[in-house]
Number of protein chains: 2
Amino acid sequence: MKYPNLYKAFNKHIDLPIDVYIDLEDRLIHKKLDKKEFLFREGEVVKYLPFINDGLMINYIVDEDGEEHVIQIRGTGLWLGDLYSFFSDLRTRFNIQTCQPTELLMINHETFDYITKNHPVYEKFFRLNIQEAYVQTLNRIYNLHSATAEERYLELIKNIPDLLDKIPHYLIASYLNIKPQSLSRIRKSHK
Amino acid sequence: MKYPNLYKAFNKHIDLPIDVYIDLEDRLIHKKLDKKEFLFREGEVVKYLPFINDGLMINYIVDEDGEEHVIQIRGTGLWLGDLYSFFSDLRTRFNIQTCQPTELLMINHETFDYITKNHPVYEKFFRLNIQEAYVQTLNRIYNLHSATAEERYLELIKNIPDLLDKIPHYLIASYLNIKPQSLSRIRKSHK
DNA sequence: GTATTTCATTCACCTATGTTAATAGGAACG
DNA sequence: CGTTCCTATTAACATAGGTGAATGAAATAC
């Protein structure tokens, strides 16, 4: 087994026989990105389902004023791409970029069709995987509604304690929906 | 065909042969709710996939202070439930309530298993349906990040012009993540 | 190794939205 | 039919977070 992180990610949702896993593993596209490299950018059609085997990435949208809004931050063991663009063949609105050197495992359309056709358990996995992502974003909306910036900050560093060392503070601020100056202010009051 | 709204909803994503549709239609659970009735509440395990055949509903979460936060507002022709609770058998965090007399068509587990097993096209539909819902919530997060309360209000009434007549303003305010007083203020400045 | 850019922090000031309280209209209820 | 509750609105004041500018530190480039 070359990628135990991936195997573990599958088994979080489904019971995956090892040979069914290996059948996929041999078809994966392995990709290494440096820090600050893009996996894809707004306007492209996404051709892969990317799994973060090791690293850290963000998903952001640029508004009319050119300002970046970080929508997601995801690291090792998680998927981060644009399912919608992948399955619909429409252009994505998202920019997916690494925050550190990152190693990806990617499934293209041919492989997706092959594994779901030959191993229906993968179909179930992807449905469950989307559902989980969907619920996470509903919770994020709730969080944006019910918690103050300070509470969101404290919760974030509780969940990912080393995040502050791993990515620039201005990206964390954007994710929290505040300005870097406000993040500084909050951090100051917690020293 | 008893429920053309439902048939249309399916055909937005997939090509559904009429007999495959009818096979489902005969198994649907039909339910009528009055204004302000609950479909389900926090703590319950959701046993159905509900389709709004006619009406209007909200999804809200109650925080520790007892305050309601409206996460979704959805009407005729859309699905609104808790996929996660339905598929995982875990208790939901959501409260789903009608804003007006509402007519629902519901799929229970038995029916879901039957139709996906006998007509794989339904499996595809539900995957696409979740994907669409997922993308909508990502856009909602972006909207909360990039637009002011005033912009969010104007966009909302542009999309659903008669919403103000259909549901109490305090629920719209909650959905926009502002207080009713602020909504009044914004509305006043647009008269 | 120096120059240049990028990032984090601080401060003074500003603004959008929250908070509290008062009022009034309408719906629901006996 | 009057009473009670619920909702919407307004106003005065409070505050979280935004804005713009200045500074220094750190990363990157040359």
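With a 6.0 Å cutoff to the six-membered ring centre and a 45° limit on the axis angle, A/R187 does not count as a cation-pi contact of A/Y153. A cation-pi geometry, defined here as NZ or CZ lying under 6.0 Å from the six-membered ring centre and within 45° of its normal, holds between A/R27 and A/Y114.
A salt bridge links B/D162 with B/K166: the closest approach of a Lys/Arg side-chain nitrogen to an acidic carboxylate oxygen falls below 4.0 angstrom. For A/R91 and A/E42, the salt-bridge test fails: no basic side-chain N is under 4.0 Å from an acidic carboxylate O.
Between the NZ atom of A/K36 and the P atom of C/dT6 there is a distance of 9 Å, given to the nearest Å. Atom C1' of nucleotide D/dC6 and atom CD of B/E68 are separated by 13 Å, given to the nearest angstrom. A straight line from NE2 of A/H69 to P of D/dG18 spans 12 Å, rounded to a whole angstrom. Residue B/I186 contributes atom CD1, which lies 15 Å from atom C1' of D/dA8 at whole-angstrom precision. Residue B/D34 contributes atom CG, which lies 15 Å from atom C1' of C/dA28 at whole-angstrom precision.
Of the candidate nucleotides D/dG17, C/dT10, D/dT10, C/dT10 has the atom nearest to the side chain of A/K188.
Ring planes of A/W79 and A/F125: tilted class, angle from 30 to 60°.
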Original post:
For every nucleotide of nucleotides 24-30 of chain D, 5' to 3': is a protein heavy atom under 4.0 Å from its base (B), only from its sugar-phosphate (S), or from neither (-)?
Top reply: -------

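Panel note: side chain B/D63, backbone B/E67; a donor-acceptor pair is recorded below 3.5 Å.
A ring-centre distance under 6.0 Å is found for B/H109 and B/F86.
Between the side chains of A/S85 and A/T92, no donor N or O sits under 3.5 Å from an acceptor N or O.
Within residues 156-185 of chain A, the residues approached by DNA chain C to less than 4.0 Å at the level of any non-hydrogen atom are A/P168, A/H169, A/Y170, A/Q181, A/S184, in residue-number order.
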